Amino acid sequence: MATNLSTPPLSPYLPSDNHHHHRRRPSPLRLPTKKRCTISCSSSKRAPSPPSAVAGEKHSPSLAEQLKPLSTTILSDQPNEANLLLKPKSTWVNPTKPKPSVLSLQRHKRSSSHSHNPQIKDLRNFAKKLNDCEESDFLAVIGGFPHPPTRENALLLLNSLRPWQKTLLFFDWVKAQNAFPMETIFYNVTMKSLRFGRQFQHIESLALEMIEKGIELDNITYSTIITSAKRCNLFSKAVEWFERMYKTGVMPDEVTYSAVLDVYAKLGKVEEVMSLFERGRASGWKPDAIAFSVLAKMFGEAGDYDGIKYVLQEMKSLGIQLNLVVYNTLLEALGKAGKPGLARSLFEEMVDSGLAPNEKTLTALIKIYGRARWARDALQLWERMRLNGWPVDFILYNTLLSMCADLGLVEEAETLFEDMKGSVKCKPDSWSYTAMLNIYGSGGNVDKAMVLFREMSEAGVELNVMGCTCLVQCLGRAKKIDDLVSVFETSMETGVKPDDRLCGCLLSVVSYCEGEDVDKVLACLEQANPELVAFVKMLTSDESTDFDVVKEEFKRILSNTAVESRRPFCNCLIDICRNRNYHERAHELLYLGSLYGLYPGLHTKTQEEWRLNVRSLSVGAAQTALEEWMGTLAKIVQRQESLPALFSANTGSGNHKFSQGLGSAFASHVEKLAAPFTESEGKAGLFTATREDLVSWLQSRAPSVMTTACTN
DNA sequence: CTAGGGTTAG
């Protein structure tokens, strides 16, 4: 049916052209020598407008346009803002006062009243009794309430009951006593307990009851409702209640603001977040560190570097100190935005400011260094962690292992893994084993991988889908197909749900298998993705299948495939066709893959140079692409059209320690074709040919011969 | 702790 193959899944909040220019401009931040100049200083180089809200549409919208989504959806009754601020019901009428004093005052009053309550000990004991009793005995036990159930006594108890069932029983009991009117606070406290139990339905009923009985819903009520909905993933409910709040004229305070900003952020509604943020500021709200942390997280998820700079810059200009959570969020965000160097300098800035990193800080950084293949920085940080006694937890251990897998640090990983086995609190789990399987799997160490596999079942750690994928890849490369089948079968029996990555991995094994092994692996794949197997059989058993049939079926399969697995699927299918001498099919698949956007930037052209970029192609796909290119160039030569002086093909050198030798396979293919491409001295994986050499080589071969000549 | 908000793993 409907597919989105032609349109890659891009965020609707892509930067405008202006931002693009800004991003591409070389930034002084990138200079490694200016470590301490940090992000904050240079962020002032761009205009201080909120980035994504402005960047959200192709033509930068006016402020009014930016606010339109909100004003039409939630301010329909109050078309102008001044109106809102003058509403008598508003609980926040003085926008020049950034922090309403109500909050701290109320909290203070509460704690002092507690200390004056001489019955507090009895009540605490009674609360414990209630918490310990069976739910069925609850109402009987409650009859022994040690003192008159005054407002204060009831509140104290309500605050200390859990789980939510008991809180609710007690709340109903207090209501039935009719000893005093139920105020907002009783509902708020009950809702808080219900939130722990993720009981949004109950919370909403209570809120509706408040409305029905005319009990005021305040900011605490609304923020509790909103965060509960959020916790239950009921984001539209959260928005609905926020809109209701607005409509009834309650102005959000800073807590409600950050709660609801987080809702919009988690929905990916960057524009709404930014316009609400601006709206709040315009009416006197001073965002605090928590609000900025919400923004930072959102920009991180979007990979929006300009947004991250905006957060740093605004915090600086408002004089808000970065705390540990904000630093952690920003570090994570910089990682997602692909800025490892800036993450490193922000971390140094944090440490210099006297803040000690916690587990989350270090996890974020280690992950960033691993992904960036910054082995030196990763190992230095690891060393510093040990020297400074910085905290390590389970997740950090596993992240260190994954980092070792990324960097090919086999010995370090083995040492760490043994440490974990010897520890009490951080025994290796499926994540840890997966990281180790990844290391052995990509390093081709089948024996050690299989030892781990057996060890896992002994240790009672279940293999997950990624561990299964690592093993399948490793056993496939070692041509140990029977072991592969047995690992796959075991995984299925223990409940592993095959995903597209695993299917892609099986498919790649199919591409280089021979004889009965092919059928064995296809039988595995059949269990995970029967349509894919049917398609493979169509490609390899029936040469007469019409191209349009292939095209429709391929499109259908890709539509049902996770985006990150689409190109691997196409690569493998091309390899399968080539290895079975269905070269025309391989060319068709490459064409279809390009058509569906799986190979963006395959060809790049400048005045001086045309380049074929095959870095993300499999060996067979790269060979097919080269042949295709040569065929096209032969036609151009035949038509005597103009050509650039230089031609190049880039296979990349492969940053990964375990990466496959696409370059060498490509080199031997070039050699086989006797094409005049030579690998550059300084740049591994870059093959170049001059126009003169290439043209004379192309002319020496009749165009009609091209496809058949390339079939070896 | 004593009615409400933000951060860690392929």
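Owing to the predicted nature of the structure, the values given are computational and were not obtained by experimental measurement. Order of the sequence lines fixes the chain letters, A, B, ..., with proteins taken first and strands second; residue numbering starts at 1 for each chain. Computation of the quantities below employed the complete heavy-atom set of this structure, encompassing side-chain atoms and omitting hydrogens, waters and symmetry-equivalent molecules.
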Check: Is A/K266 near enough to B/dT7 that one of its side-chain N or O atoms lies under 4.0 angstrom from OP1 or OP2?
Finding: yes
Checklist line | Distance in angstrom units between A/E301 CD and B/dA9 C1', rounded | finding: 13 Å
Notebook entry, point to check: Using a cut-off of 4.0 Å on non-hydrogen atoms, how would the nucleic acid contact of A/D499 be classed: base, sugar-phosphate, or nothing?
Noted result: nothing
Note to self: Using a distance-only criterion (donor-acceptor N/O pair, under 3.5 Å, no hydrogens), is the base of B/dG10 paired with the side chain of A/N438?
What the structure shows: no
Next item on the list: Verify the contact: side-chain N or O of A/R371 to OP1 or OP2 of B/dG10, cut-off strictly under 4.0 Å; return yes or no.
Entry: yes
Item checked: Carboxylate-amine/guanidinium proximity below 4.0 Å for A/R344 and A/E348 -> no
Check: A/Y257 on top of B/dG5's base, within under 5.5 Å and under 30°?
Finding: no
Next item on the list: Using atom CD1 of A/I395 as one end and atom C1' of B/dT8 as the other, report the distance to the nearest whole Å.
Entry: 5 Å
Next item on the list: With sequence neighbours excluded, give me every salt bridge (charged side-chain N to carboxylate O under 4.0 Å, His left out) pair touching residues 183-205 of chain A.
Entry: A/R151-A/E183, A/E204-A/K237
Next item on the list: Tell me whether the OP1 or OP2 atom of B/dG5 has a side-chain N or O from A/R195 closer than 4.0 Å.
Entry: yes
Check: In terms of side-chain heavy atoms of A/T399, which of B/dT7, B/dG10, B/dA9 is nearest?
Finding: B/dA9
Notebook entry, point to check: Where does the angle between the aromatic ring planes of A/Y369 and A/W374 fall among parallel (under 30°), tilted (30 to 60°) and perpendicular (over 60°)?
Noted result: parallel
Item checked: Nearest-Å distance for atom pair CZ/P, residues A/F299 and B/dG6 -> 18 Å
Notebook entry, point to check: How close or far is atom P of B/dT7 from atom CZ of A/R231, stated in whole angstroms?
Noted result: 10 Å
Note to self: Between C1' on B/dT7 and CZ on A/F292, what's the gap in Å once rounded to a whole number?
What the structure shows: 17 Å
Note to self: Taking atom types as they are modelled, would you say the side chain of A/D288 forms a donor-acceptor pair with the base of B/dG6 within the 3.5 Å cutoff?
What the structure shows: no
Check: Touch check for A/T221, heavy atoms < 4.0 angstrom, all strands: base, sugar-phosphate only, or nothing?
Finding: nothing
Check: Looking for any heavy atom pair under 4.0 Å, which part of the strands does A/V189 touch: base, sugar-phosphate only, or nothing?
Finding: sugar-phosphate
Note to self: With a 4.0 Å limit, can you tell me whether A/K230 has a side-chain N or O closer than that to the phosphate oxygens OP1/OP2 of B/dG6?
What the structure shows: yes
Check: Counting side-chain heavy atoms from C-beta on, which of B/dT7, B/dT2, B/dG5 comes nearest to A/K360?
Finding: B/dT7
Check: Counting only distance, no hydrogens or angles, is the base of B/dT7 paired donor-acceptor with the side chain of A/N328 under 3.5 Å?
Finding: yes
Check: How would you label the contact of A/N398 with the nucleic acid (heavy atoms, under 4.0 Å): base, sugar-phosphate, or nothing?
Finding: base
Notebook entry, point to check: Checking all strands, does A/T227 fall into the base, sugar-phosphate, or nothing category for heavy-atom contacts under 4.0 angstrom?
Noted result: sugar-phosphate
Check: So what does A/V326 touch, heavy atoms closer than 4.0 Å: a base, only the sugar-phosphate, or nothing?
Finding: base
Checklist line | base_contact_polar (B/dG6 base, A/T329 side chain, donor-acceptor, <3.5 Å) | finding: no
Checklist line | Point-to-point distance, once rounded to the nearest 0.5 Å, from CH2 of A/W173 to CD1 of A/I142 | finding: 5.5 Å
Next item on the list: Rounded off to whole Å, could you give me the CD-to-C1' distance for the A/E332 and B/dG10 pair?
Entry: 14 Å
Item checked: With A/R501 via salt bridge (Lys or Arg N to Asp or Glu O under 4.0 Å) - residues at least two apart -> A/E564
Next item on the list: If the plane angle is over 60° it's perpendicular, under 30° parallel, otherwise tilted; pick one for A/Y222 and A/W241.
Entry: tilted
Margin query: Rounded to whole Å, please give me the gap between CG in A/N188 and C1' in B/dT2.
Written below: 14 Å
Checklist line | For atom CG of A/L471 and atom C1' of B/dG10, their distance in whole Å | finding: 15 Å
